[in-house]
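Take a look at the structure below.
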Amino acid sequence: MRRRRDDWIGIEGEEIAKFHFGMGFSADNLKGFILALLSSGFIGASFIIKKKGLRRAAAASGVRAGVGGYSYLLEPLWWLGMITMIVGEVANFVAYAFAPAILVTPLGALSIIVSAVLAHFMLKEKLHHLGILGCVMCIAGSVVIVIHAPQEKPITSVQEIWSMATQTTFLLYVASAIVLVFVLMFHFAPRYGHTNVLIFVGICSLMGSLSVMSVKALGTSLKLTFEGNNQLIYPETWFFMVVVITCVITQMNYLNKALDTFNTAIVSPIYYVMFTTLTILASVIMFKDWDGQVMGSIISEICGFIVVLSGTILLHVTKDYDRGTPRSSYAPLSPSLSTRLCTGNGDLMKHVEDDMASSEEICMRRQELY
């Protein structure tokens, strides 16, 4: 009798969990969610710690990092920030092994919130009312995504992932992405790469979506290996590792070109929007994230994603308010997005970059590795 009562309590608890977190929120999703939150916290804090370390090193040596100084390499505070960032990146990598990309990837925006809030209190960088609204939007959108996140099907071997990666629909996506990347690289980049930010960012985003799928496959393989089911004996595991390395190198190369050519405040939100959108699309195709979900949950996830994107863009837009104007008033808005997308890389369109990493670079730095 007691056992039946305990079973009933267990079933009731599971139903309550489903009610609160959505029909697909499983134990693995919870682990991935917690890891993604920890990752955002560590990465957001790391940029503030590194920035304080850079300032301290510049004050001690008189040579800033932006003009070729390397004194920060002797600053313990900078290394503390670097270690913190590595911990965050590892947590983000492991999160993909437990939860779907549609849950983990949008949560990367929370690292911007952590950085913006810490910068407000620790670096005295003012967070405007619209910036606060952007933070609230990112949090609200993330909550909606978490509540309606899909549940992944259990994976028992890397060969299962390989069968997903070789299904016709995903192969069509991979082929389309590779063709677009080559067209952008060899046709559009030489002609328009330095006048249109979408060229370099498009290459980064397309390769990024493939790298995340490979990272998830590799992370799942390592997870199964640590659980006692060795996946390193399969060539598919090593193939995914090669794909990760290739995609990451390409991403970093063209992301650096985009940052060197265009204003970071423009590159960052566009890259986040394109990268996250393509990653979710690739995950939906490869892992069938939305299979079995009701239409209401899918629409809620899309709406939550749009809210997060809007909040992220709003946070970046408000970064230009204090530049070149008194603190008592807001600066005029910079040229329209469409104008800045299509203009050249003249000095009028590009701010003088601070030599110290700022919170607006977090999304890109974080996604360079994925």
Side-chain angles (χ1 to χ4, degrees), residues 33-60 64-66 71-72 75-92 106-143 146 263-265 268-269 272 307-331 333-334 351-367:
F33 168 67
I34 293 174
L35 286 168
L37 285 184
L38 291 175
S39 173
S40 294
F42 277 111
I43 291 176
S46 73
F47 279 84
I48 303 303
I49 298 172
K50 287 171 66 179
K51 189 165 186 176
K52 289 182 71 71
L54 286 167
R55 286 183 175 180
R56 183 182 295 182
R64 298 167 57 184
S71 59
Y72 62 87
E75 175 56 51
L77 192 60
W78 185 87
W79 282 107
L80 176 61
M82 179 62 69
I83 293 171
T84 305
M85 185 181 71
I86 293 173
V87 172
E89 296 290 359
V90 171
N92 194 53
L107 292 179
L110 298 181
S111 59
I112 302 177
I113 298 177
V114 174
S115 181
V117 172
L118 291 178
H120 179 78
F121 291 104
M122 298 178 63
L123 302 178
K124 307 305 178 185
E125 296 180 359
K126 186 170 175 143
L127 182 62
H128 293 278
H129 295 301
L130 287 179
I132 295 174
L133 176 60
C135 292
V136 173
M137 291 174 66
C138 288
I139 294 173
S142 298
V143 169
V146 168
N263 180 10
T264 305
S268 180
Y272 179 78
V307 171
V308 170
L309 293 183
S310 302
T312 302
I313 293 173
L314 191 59
L315 267 171
H316 285 287
V317 169
T318 56
K319 288 183 181 297
D320 287 336
Y321 275 4
D322 279 340
R323 294 178 179 175
T325 60
R327 295 182 64 87
S328 59
S329 61
Y330 287 116
L333 290 177
S334 52
H351 292 295
V352 177
E353 297 293 339
D354 192 340
D355 62 344
M356 304 170 191
S358 62
S359 60
E360 66 189 5
E361 298 170 334
I362 290 178
C363 279
M364 299 171 300
R365 295 279 184 91
R366 151 177 220 143
Q367 292 157 355

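Everything numeric here is computed off the predicted structure, so don't read it as measured data.
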(message) My understanding is that only residues two or more places apart in sequence, or in another chain, count here; which of them pass side chain to side chain contact (heavy atoms under 4.5 Å, CB included) with Leu118?
(response) Ala45, Ile48, Val114, Met122

(message) If I compare all heavy atoms of Leu77 with all of Gly53, which pair ends up nearest, and what's the gap?
(response) CD2-N, 3.6 Å

(request) Give, for atom CG of Leu133 and atom NE2 of His128, the distance between the pair rounded to the nearest 0.5 Å. (result) 13.5 Å

(request) Would you give the length of the straight line joining atom CD1 of Ile83 to atom CH2 of Trp78, rounded to the nearest 0.5 angstrom? (result) 10.0 Å

(message) Which residue in the set Leu107, Thr312, Val143 passes side chain to side chain contact (heavy atoms under 4.5 Å, CB included) when paired with Cys138?
(response) Thr312

(message) Counting C-beta onward and ignoring hydrogens, is there a side-chain heavy-atom pair between Leu110 and Val308 closer than 4.5 Å?
(response) no

(request) Please report the shortest heavy-atom distance between Ile43 and Met85, naming the atom on each side. (result) CG1-O, 4.2 Å

(request) Measure the CD-NZ distance between Glu75 and Lys52 for me, rounded to the nearest 0.5 Å. (result) 10.5 Å

(request) Mark yes or no for whether Ser115, through its side chain, and Ser111, through its backbone, hold a donor-acceptor pair below 3.5 Å. (result) no

(message) With rounding to the nearest 0.5 angstrom, report the CD1 to CG distance, Ile113 to Leu127.
(response) 10.0 Å

(message) If I take atom CE from residue Met137 and atom CD1 from residue Ile313, how far apart are they, to the nearest 0.5 angstrom?
(response) 9.0 Å

(request) Report the distance from atom CD1 of Ile49 to atom CZ of Phe47, rounding to the nearest 0.5 Å. (result) 11.5 Å

(request) With sequence neighbours excluded, tell me which residues meet side chain to side chain contact (heavy atoms under 4.5 Å, CB included) with Leu309. (result) Tyr272, Val273, Thr277, Phe305

(request) Indicate the atoms forming the closest heavy-atom contact of Ser40 with Gly108, along with that distance. (result) OG-CA, 4.2 Å

(request) For residues Ser39 and Asn92, report the shortest heavy-atom separation together with the two atoms involved. (result) OG-CB, 3.2 Å

